[in-house]
Amino acid sequence: MIKKIFQNLPTMSLSNKLFWALFAPVFAVSLLASMFLVSTRFNDLNQNLYERTSNITEQVATTSEYAIVFSDQNMMYRILQNALNNEDISGVQLFNSEQKIIAELGKTPTSVDTPFPDKIYLKEYNDHLELINAIHYSSNSLDGIFNTQTDLFIPLDQRNLIGWVKIEANKSAIRIDKYQYAGLVTFILIIFNVLTIIGAFHISKVLTQPINRLAGSLNKLVKGQFSTVKLMKLPPEYASLQKDLLDLTERLEHHNEELNSGIEQSTDDIRRSMDSMEEKSAQLHIANREAMESNRLKSQFLANISHEVRTPLNAILGYTKTLQKDITDTQHRFYVDTIEQSTNSLLAIIGDILDFSKIEAGKLSLESNHFNLKALIDDVYQTLSINLLSKEKQIDLVPEFSQDVPEWFIGDSTRVRQILTNLIGNAIKFTHQGSVRTKVSLHSQSPQVITLSFQVIDTGIGIAEHKIHRLFKPFSQVDTSTTRQFGGTGLGLVITKKLVEQMNGKIEVSSDPSIGSTFRFTLSLKASQKLNNSHPDLNCHVILLEPSTTYKSYLKSYLKSIGVSCIACSDLEQMIAILNKQHSSIDAILLSVMPDDQSVAEACELITYSAQQFTIPCILMVQPPGQITHYPDLKNLCSDILLKPISHDRLYSALQNLNKSATPLISQQLKVGTSALNEKIKGLKILAVDDSPINLQLLNHWLTPIGLNVSLAYSGQQAVDMANHDKFDLIFMDIQMPEMDGMETTRQLRQMELYRNTPIIALTAHALGAEQQQILASGMNAYLTKPIDEDLLLSTIETWRTNTETFQDQVDAKLIGIFDLEKALAIVDGKTDIAKEMFDMLANSLDAEKKLIQHHLENQDTEKMIEVVHRIHGASKYTGTINIARHAGFLETHLKELGFEDVDGVAKDFIDAIEELLSHRQLIPWPHSFDSSTTKA
């Protein structure tokens, strides 16, 4: 009970707490005192009974000695009767030395197993005491019965044991005494505690009554009942407190009056300003609409700029590649190569501006194609060396690949090129001597995805540690003096960082002004089934003259990999000495020429000497290309000229042309591969639609020579008219055309029976991901981005020539696992309008919801995150968005069970599912959008 009281003590009222504070100690003391008195009294009664019984037993034992010795039965019974006359004794027995009863009076003893000790024995039972005492007799007593006093002092070992006396004492009398005493003590305890309770209750009420009054007054004061508080009366002891309370009441009453007056005034002010707020709200709404319209116009402007710029660049690059096929003159080939590479540089600059705009709009998307990474890096180095190197800047540009890195990958080669161009270009810009190296190694690998690790290492001017944070900010460079010296828009690294992150990678930089800078980043690309380019060994022997130790080591490593043995020389004298000794075993000379008159003159002499004396051809390695124009004599003397950094394929081709035995085999393999592709697509009827005659002529020049029947249409309407009179196997469609654009033309073609499933490929200069989805939604099968590569164009024709899927099959394949149209319609009993309205409500909110999720993820706000995900999860179940529903369920369960522990991967999958739905939204074939004749188109 006491324990329960203490447990409830914090919830009790003040009066109850005070009552228990007074009563509990008194109750505890009185209870302990009563227990002490009862215990003491019970012990005394038990002790008295034992002592009386012991005395009687000793008396019987002493007086019965003579009677036992002389077997005097009368005397025995008189002695027993005297003992039994005591009210506590219920039975007496005498035993002889043979332990047999010789006399007995009173109640028969209950115990059967009677012990016979040498001394007194006591045993206590619940209702009686049992005492047994031995009876001794001394044989030395000559006086018989008159000498009993003397026998008391005879030692026990000199006395004879003649019997025993057994007495049983009843406890009933002392039990009654115990009950009476316990009842009396209990009665006194109850009376005492009742009086204590009454007193404690009265005292607690008296002491807490003023406090209760004070609490009631404060409660009324809170409610604003000031007049009631003023009438409150407290005992004299609380006079000071009552005075302070009255002062407080008056102040609060005065303050309340002022507050009410202020609220009324504020309400009037708010009411007067409502009109102004409504006007500003309307202005804000108008400004928001203007901003949205401005953003739309900006996107439209970017699309137009993309089209207007890429269309002429497509023609420039196309005809440049056409010219490259037939040029044999080395100098002219350099000119055409320079045109191509400069055009690519211009395209990259324009792409940076457009890409940054797409990043701001959140519409940057990645494409997927097969590409050769080693060839791509070679091409990047070639392009950058032409634009950034000069006679004054002679640095080594070295690509390094780990042996376990494959050559072919699936990914967005344009974006990979853009990343490498930005980083390597910056490294070359800020490096005046030394080298720029690109190391590529395998970071991790799975059957489908390969993660590569890249390092761009330079020995340039470096970056101070406190300025590194500026690198990835838009329109920002390390300092203004560098900007004036090197130029640049300040967008390259911003775009690079975004592209790396979009390819599931990370980028970081370390730099030391005394050593240089190192940019490290990773990219995740899909594995390609294409095999690495395997060149047969050339089995030849060359002499290499390369002043740079770094570049010399790089070239020796590559030459060894293609079966070319190499003797490296450090100067011209050493090379001439080796030529004189080993000229019979040398197949070619690889000669690096520096951009100065002395180096060119020495190169001319060496080439002439080796050709005249030993008939050994020479391959020049030059940097930069401009020196060949300044020294035309070199062009006529050497066998081939290669631009540094040396492309692997071009070096192999140059050496292969010297090795006559290998040339027919390689050329035959190349011709067989090309002719096989041409034979597969030969005879196809192709319709090319474009409002630019130059682009149409370029397509005609590419496709007609390989046996394709190409028809040209200069507008969308002309394309529809031609399609009505002829059947084409494949159509290339420009997007932006006057009167009828490519998408509208495609829709009309899909209405025709003959063209429901004909492959229609967009040739577009548009760059925004949303427009690419509009292109596919209009009925086109795929798209190629201008400027168009000839090999990619032919590969696309081959791919779609063998395609047997209908257009609707292709759309369904893209939507599978993302959206279930049948489920969306089944929920609303097939009512298309309601289903599409519900879907649009969800889809229109996903952009804002995605930003909320990212915000809550950064702030680690579990409750708000669960709220947003739960909202999307619920809506997705009724709109057919099965992928979002699945990932929302995963994320919601994870957040409820584990919180933000290891949530990044689950959240990323959910955000990817949202982006995937939004990117395929326009492909959904809602029944009300197509009539019965077009649902299978």
Side-chain angles (χ1 to χ4, degrees), residues 10-11 359-366 443-453 468-469 472-473 494 497-509 520-526 769 815-820 823-824 827 838-921:
T11 60
I359 289 173
E360 281 190 323
K363 297 181 178 180
L364 185 66
S365 58
L366 299 178
H443 184 271
S444 63
Q445 184 175 8
S446 66
Q448 289 79 26
V449 179
I450 298 176
T451 301
L452 297 177
S453 175
I468 289 180
H469 68 280
F472 299 104
K473 291 184 178 180
V494 179
K497 184 174 184 293
K498 180 63 178 179
L499 290 175
V500 169
E501 291 174 348
Q502 197 152 347
M503 294 185 188
N504 300 320
K506 294 181 179 179
I507 186 169
E508 58 183 13
V509 59
R520 301 178 184 85
F521 65 95
T522 58
L523 295 180
S524 293
L525 302 170
K526 293 181 180 179
L815 292 177
I816 189 169
I818 300 174
F819 180 79
D820 189 338
K823 184 175 182 180
I827 292 175
M838 292 172 61
F839 172 82
D840 288 339
M841 288 175 62
L842 173 63
N844 293 337
S845 68
L846 285 179
D847 269 328
E849 299 284 34
K850 182 177 70 174
K851 293 177 182 178
L852 270 179
I853 290 170
Q854 293 169 337
H855 174 74
H856 296 328
L857 193 62
E858 291 175 1
N859 294 332
Q860 302 284 295
D861 194 331
T862 307
E863 292 184 2
K864 292 184 179 179
M865 181 84 162
I866 292 175
E867 181 182 345
V868 175
V869 176
H870 179 74
R871 184 165 60 243
I872 299 175
H873 190 198
S876 63
K877 291 180 178 179
Y878 302 98
T879 53
T881 52
I882 52 178
N883 196 35
I884 289 182
R886 181 170 62 255
H887 286 288
F890 293 158
L891 181 56
E892 185 176 2
T893 302
H894 185 101
L895 290 170
K896 289 180 178 178
E897 294 181 355
L898 302 175
F900 280 93
E901 180 181 349
D902 298 328
V903 77
D904 292 340
V906 186
K908 184 181 183 304
D909 291 342
F910 180 52
I911 293 174
D912 289 345
I914 292 176
E915 293 175 347
E916 190 175 35
L917 175 69
L918 294 178
S919 65
H920 291 80
R921 177 180 181 181

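Hydrogens, waters and symmetry mates play no part in the numbers below; they use all other heavy atoms, side chains included.
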Kindly list each side-chain donor-acceptor pair under 3.5 angstrom involving residues 838-847, sequence neighbours excluded, with atom names and distances?
from: Asp840; atom 1: OD1; to: Arg921; atom 2: NH2; distance (Å): 3.3
from: Asp840; atom 1: OD2; to: Lys836; atom 2: NZ; distance (Å): 2.9
from: Asn844; atom 1: OD1; to: Arg921; atom 2: NH1; distance (Å): 3.1
from: Asn844; atom 1: OD1; to: Arg921; atom 2: NH2; distance (Å): 2.8
from: Asn844; atom 1: ND2; to: Asp840; atom 2: O; distance (Å): 2.9
from: Ser845; atom 1: OG; to: Met841; atom 2: O; distance (Å): 3.4
from: Ser845; atom 1: OG; to: Leu842; atom 2: O; distance (Å): 2.8

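- Distance check: Ile872 CD1 to Leu852 CG gives 8.5 Å after rounding to the nearest 0.5 Å.
- We find the CD1-CD1 distance between Ile884 and Ile818 to be 9.5 Å, quoted to the nearest 0.5 Å.
- Annotation for His873 and Ala888: closest pair CB-CB, 3.7 Å, computed over non-hydrogen atoms.
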Run Asp909 and Phe890 through side-chain contact (heavy atoms from CB on, under 4.5 Å) and show every step you take.
CA-CA 10 Å; Asp909 291 342; Phe890 293 158; over 6 Å; no
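- Considering CD of Glu858 and CE of Met865, their distance stands at 10.5 Å, rounded to 0.5 Å.
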Would Lys908 and Asp904 count as a salt bridge (Lys or Arg N to Asp or Glu O under 4.0 Å) if you check the C-alpha gap in whole Å, the side-chain angles of each, and the deciding distance to 0.1 Å?
CA-CA 6 Å; Lys908 184 181 183 304; Asp904 292 340; over 6 Å; no
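- Annotation: Phe900, atom CZ; neighbour count of heavy atoms from other residues, nucleotides and ligands within 6.0 Å is above 12.
- Other residues, nucleotides and ligands contribute at most 12 non-hydrogen atoms within 6.0 Å of the CD atom of Glu863.
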Checking Val903 against Leu891 for the side-chain contact (heavy atoms from CB on, under 4.5 Å) test, could you report, in this order, the C-alpha distance in whole Å, the side-chain angles of both residues, the deciding distance, and whether it holds?
CA-CA 8 Å; Val903 77; Leu891 181 56; 3.7 Å; yes
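- Here the straight-line distance linking atom NZ of Lys864 with atom CD1 of Ile866 works out to 13.0 Å at 0.5 Å rounding.
- Considering all non-hydrogen atoms of both residues, Ala824 and Thr879 come closest at CB-O, 3.6 Å.
- A distance of 9.5 Å separates OG1 of Thr881 from CD1 of Ile914, quoted to the nearest 0.5 Å.
- For CG of Leu898, the number of neighbouring non-hydrogen atoms (other residues, nucleotides, ligands) closer than 6.0 Å is greater than 12.
- Under the 3.5 Å distance criterion, the side-chain polar atoms of His894 are matched with a main-chain donor or acceptor of Glu901.
- Applying the salt bridge (Lys or Arg N to Asp or Glu O under 4.0 Å) test to Glu501 and every residue at least two apart in sequence or in another chain returns Lys497.
- With Ser444 as reference, Thr451 is the one residue of Ile450, Val449, Thr451 to meet the side chain to side chain contact (heavy atoms under 4.5 Å, CB included) rule.
- Nearest approach of Ala907 to Leu857, heavy atoms of both residues: CB-CD2, 4.0 Å.
- The shortest non-hydrogen separation linking Thr862 to Leu895 is CG2-O, 4.1 Å.
- Here the side chain of Thr522 pairs a donor or acceptor atom with the backbone of Lys506 at under 3.5 angstrom.
- To the nearest 0.5 Å, the span separating CD on Glu915 from CG on Leu917 amounts to 11.0 Å.
- Between Ala913 and His887, the closest heavy-atom pair is CB-CD2, 3.8 Å.
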